Amino acid sequence: AMTGAALALVMIMGGGAHAASITPPSEAFAQNPGSDYFLADYTAYEAYLKTLASQSDRMKLVDFGKSEEGRTQWMAVVSSPANLAKLDHYKSISKRLAKAEGLSKEEAAKLAAEGKAVVWIDAGLHATETVTSQGQIQVLYRMLTMNDPETLRMLDDVIILFAHDNPDGMELVSDWYMRNPDPKKREFNSIPRLYQKYVGHDNNRDSYMSQMAETTNVNKQLFREWYPQIIFNQHQTGPTGMVVFVPPFRDPFNYNYDPLVMTTLQEVGMAMHSRLVAEDKPGSGARSAASYSTWHNGMERSIAYFHNAVGLLTEIIGGPTPESVKLVPNLQLPNGDRPMPIEPQPWHLAQTVEYQWTMDRAVIDYASRNRERLLANIYKMGANSIERGSKDSWTMTPTKVDAMNEAAKTAKPAAEDGMMAAFFGRAGAVDPTIYKTVVQTPESRDPRGYIIPSDQADMPTVAAFLNALIKSGVDVDKATKAFKVGDKTYPAGSYVVKAAQAYRPHILDMFEPQDHPHDTEYPGGPPKAPYDITGYTLAYQMGIKFDRILDGFEAPTERVPDLIGVTPGAIKGSGKAGWLISHETNRSFTLTARLLKAGAPV
């Protein structure tokens, strides 16, 4: 039998040979990505991915769609060779657990024990935030060549999806920066066009709508193909006087989430902080260190929460042009949100890349050590959603809290109210019957589902709305014949979105009005500025006519298999005197634009 020492020697020697056969970034690019005054563009990045895929048995390169300008979006799937040989099997386990349909607890536990954690780590969403793409190159190389026990454990336990969000932006920004032969004059602040076609920086507000090709491609991988339990979306820049913002985030979080996704988010975030501190990398901050919250559905990391996945956002300083960490005296004293302050100092891109490596490593390590828990928990959250959508349920909102407080003014106080209750933090208790009489009224129940009649004027916009849901993994059904629910009859072709599915939080967030919490500086004080949009109900924004169904119901439907097409319109009449174009349909404006382009008077 081979001794442990001999086996370790074989592993090291084998690993060394493997690493030696893989081209390092320093040899593949004009300069080493991460060095000062240099940015690799997407053409070079793409070529390097293909080189790595041809040299490593730890990586499979996947084309997951075209960008708006026609470039290929690539995803490097990294794991052990044994796992890569069974990718379809592990993808199937990930999907079954995330969707949770038809799975018993016992079956789910067996799948969680067998499956592999899936982690998405992307780069380049905001192209002028250049460090994420340059750093990803170095992270990939290290994951493919390192053979220490921790790396091998990670590769055995986790399937990592290293993806690029914005190829067009990386090409534009990098080429613009490198166009100047004098390194000291390189910059990208003067780029005269958006770095992402049509939307620029707001490509990270498109997640629930999926208007852009890139968003559609990403959402397909996240919620229709791979169902990762952790989604890590990397940004910059960090707060002044610090290096990086790392979760957890400040309140409020959206009340539609399963609370388990928020507690897990805090675990992962603190694991990242702990690893930075353990590796003597100061300057990380959480919560009060920045304004980021977890309310809005439009961002890549935040749409994750509505799909029972942990969404991570980091914001880090750095760039190809050296800068410095500023001195903010009030940030020099450590606290729970800023455990290890950093001294003012010069800062280089290579340092940022090392921080990015540590944070990526912390996330993958967490997924490895908690592989079975992550898989079991995403099933648990999906099953919770299905259960809540299958029975009478109520969602607590700020308006309902206000109603309870108002009702308490005329109700008898709770018995435990008093000096001792206040001392032990129990002040404010009110008559418990208020919960039933104010919150859990029959009319305030959550819908069991939504019906969208097929006889409304603007069905092309209905299709666009439903396609946004489908692109984010929501199951949509279509009536095969007319049916009746309550006193109302719906025609054939009407659409049904049942709440009893794993992505119920997303469904409620797209149909129900947002009720943003009273987030104030102190009780009775001025409101804190929200981080982003607080109200965005897509069904309202698009003018969709739908009915909220509060009781359980059945309908003769079939599952919509993929994106919904629109039946072409028709031109009626001879047109001798002209035509009338109705404004009832949003696409009438598209038709008008096409007629004007063709030179027709409109």
Side-chain angles (χ1 to χ4, degrees), residues 98-100 202 204-211 215 218-219 222-224 227 231 233 249 251-262 265 292-311 313 378 381-382 384-389 393-400 444-452 462 464-476 495-517 519 530-544 546-550:
K99 298 293 279 186
D202 283 341
N204 199 29
R205 301 299 182 272
D206 185 40
S207 286
Y208 67 72
M209 187 64 191
S210 292
Q211 283 283 74
T215 317
V218 168
N219 279 348
L222 299 181
F223 310 126
R224 302 176 71 195
Y227 307 88
I231 295 169
N233 181 219
F249 304 93
D251 287 328
F253 74 73
N254 193 300
Y255 47 70
N256 286 315
Y257 304 151
D258 192 298
L260 186 54
V261 79
M262 287 288 105
L265 167 62
Y292 311 112
S293 68
T294 53
W295 175 259
H296 182 218
N297 200 332
M299 294 166 281
E300 184 183 305
R301 60 94 184 176
S302 61
I303 195 175
Y305 313 135
F306 296 92
H307 293 73
N308 305 320
V310 173
L313 166 91
I378 202 168
M381 289 184 276
N384 287 347
S385 287
I386 292 171
E387 182 182 6
R388 289 170 188 145
S393 61
W394 290 262
T395 297
M396 185 60 67
T397 66
T399 298
K400 292 177 181 176
S444 64
R445 287 173 292 166
D446 296 330
R448 299 284 188 93
Y450 303 87
I451 300 176
I452 302 174
V462 167
F465 169 72
L466 292 171
N467 282 341
L469 298 183
I470 292 167
K471 287 176 181 179
S472 62
V474 172
D475 292 327
V476 175
Y495 292 95
V496 175
V497 181
K498 288 284 188 81
Q501 49 181 298
Y503 294 162
R504 176 178 178 269
H506 187 76
I507 294 168
L508 294 182
D509 207 51
M510 293 293 97
F511 279 98
E512 299 292 308
Q514 283 76 45
D515 189 352
H516 194 268
D519 189 25
Y531 170 58
D532 213 288
I533 297 169
T534 59
Y536 46 82
T537 306
L538 188 58
Y540 291 1
Q541 288 182 323
M542 299 183 74
I544 306 300
F546 64 91
D547 290 329
R548 302 166 74 251
I549 310 300
L550 301 184

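Just so it is clear, the values below take in all heavy atoms, side chains as well, and ignore hydrogens, waters and symmetry mates. These figures come from a predicted structure and were not determined experimentally.
- Counting all heavy atoms, side chain and backbone alike, Asp532 lies closest to Arg205 at OD2-NE, 2.7 Å.
- Here the options are Asp258, Asn308, Leu260, Val310, the test is side-chain contact (heavy atoms from CB on, under 4.5 Å), and the partner is Ile378; only Asn308 passes.
- In this structure the side chain of Tyr503 never reaches within 4.5 angstrom of the side chain of Leu469, judged on heavy atoms.
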Apply side-chain contact (heavy atoms from CB on, under 4.5 Å) to the pair Leu538 and Asn297, showing each step before the final yes or no. CA-CA 10 Å; Leu538 188 58; Asn297 200 332; over 6 Å; no

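- Residues Arg224 and Lys471 come closest through the heavy atom pair CD-O, 3.6 Å.
- Inter-residue side-chain proximity for Val462 and Leu466 is flagged as met; some heavy-atom pair is nearer than 4.5 Å.
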Test log, rule side-chain contact (heavy atoms from CB on, under 4.5 Å), inputs Tyr305 and Leu265: CA-CA 9 Å; Tyr305 313 135; Leu265 167 62; 4.0 Å; yes

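- The salt bridge (Lys or Arg N to Asp or Glu O under 4.0 Å) pairs that include a residue from residues 296-308 number zero, where partners must be two or more places apart or lie in different chains.
- Side chain of Trp295 to backbone of His516: no donor-acceptor contact under 3.5 angstrom is found.
- Tested against Phe511 for a ring-ring contact (aromatic ring centres under 6.0 Å, His included), the candidates Tyr208, Phe465, Tyr540 yield a single pass: Phe465.
- Contact of the Asp475 side chain with the Lys99 side chain is registered, since non-hydrogen atoms from C-beta on lie closer than 4.5 Å.
- Donor-acceptor pairing under 3.5 Å is lacking for the side chains of Glu512 and Thr537.
- Atom CD1 of residue Ile303 and atom CG of residue Leu222 lie 8.0 Å apart, to the nearest 0.5 angstrom.
- Between Thr534 and Gln514 the shortest heavy-atom distance is O-CB, 3.1 Å.
- In this structure a side-chain-to-backbone donor-acceptor pair under 3.5 Å is missing from Ser293 to Tyr531.
- Residues Phe253 and Val261 are not in side-chain contact: their nearest non-hydrogen atoms beyond the backbone lie 4.5 Å or more apart.
- When every heavy atom of Arg448 is checked against every heavy atom of Leu550, the shortest pair comes out as CG-O, 3.4 Å.
- Residues Arg504 and Asp446 are in side-chain contact: their nearest non-hydrogen atoms beyond the backbone lie under 4.5 Å apart.
- When each of Ser207, Ser472, Ser210 is tested with Asn219 by the rule side-chain hydrogen bond (donor to acceptor under 3.5 Å, both in side chains), just one qualifies, namely Ser210.
- Between Tyr536 and Asp509, the side chains place a donor N or O and an acceptor N or O closer than 3.5 Å (distance only, hydrogens not considered).
- Side-chain N or O atoms of Lys400 include one that pairs as donor or acceptor with a backbone N or O of Thr395 at under 3.5 Å.
- Between Ile386 and Ala502, the shortest heavy-atom distance links the atoms CG1-N, 3.9 Å.
- Minimum heavy-atom separation, Met542 to Ala464: CE-CB, 3.8 Å.
- Remark: the backbone N or O of Arg388 is paired with a side-chain donor or acceptor of Ser393 at under 3.5 angstrom.
- Residues Ile549 and Ile451 are in side-chain contact: their nearest non-hydrogen atoms beyond the backbone lie under 4.5 Å apart.
- Judged by distance alone, the side chain of Asp515 and the main-chain N or O of Thr399 form a donor-acceptor pair under 3.5 Å.
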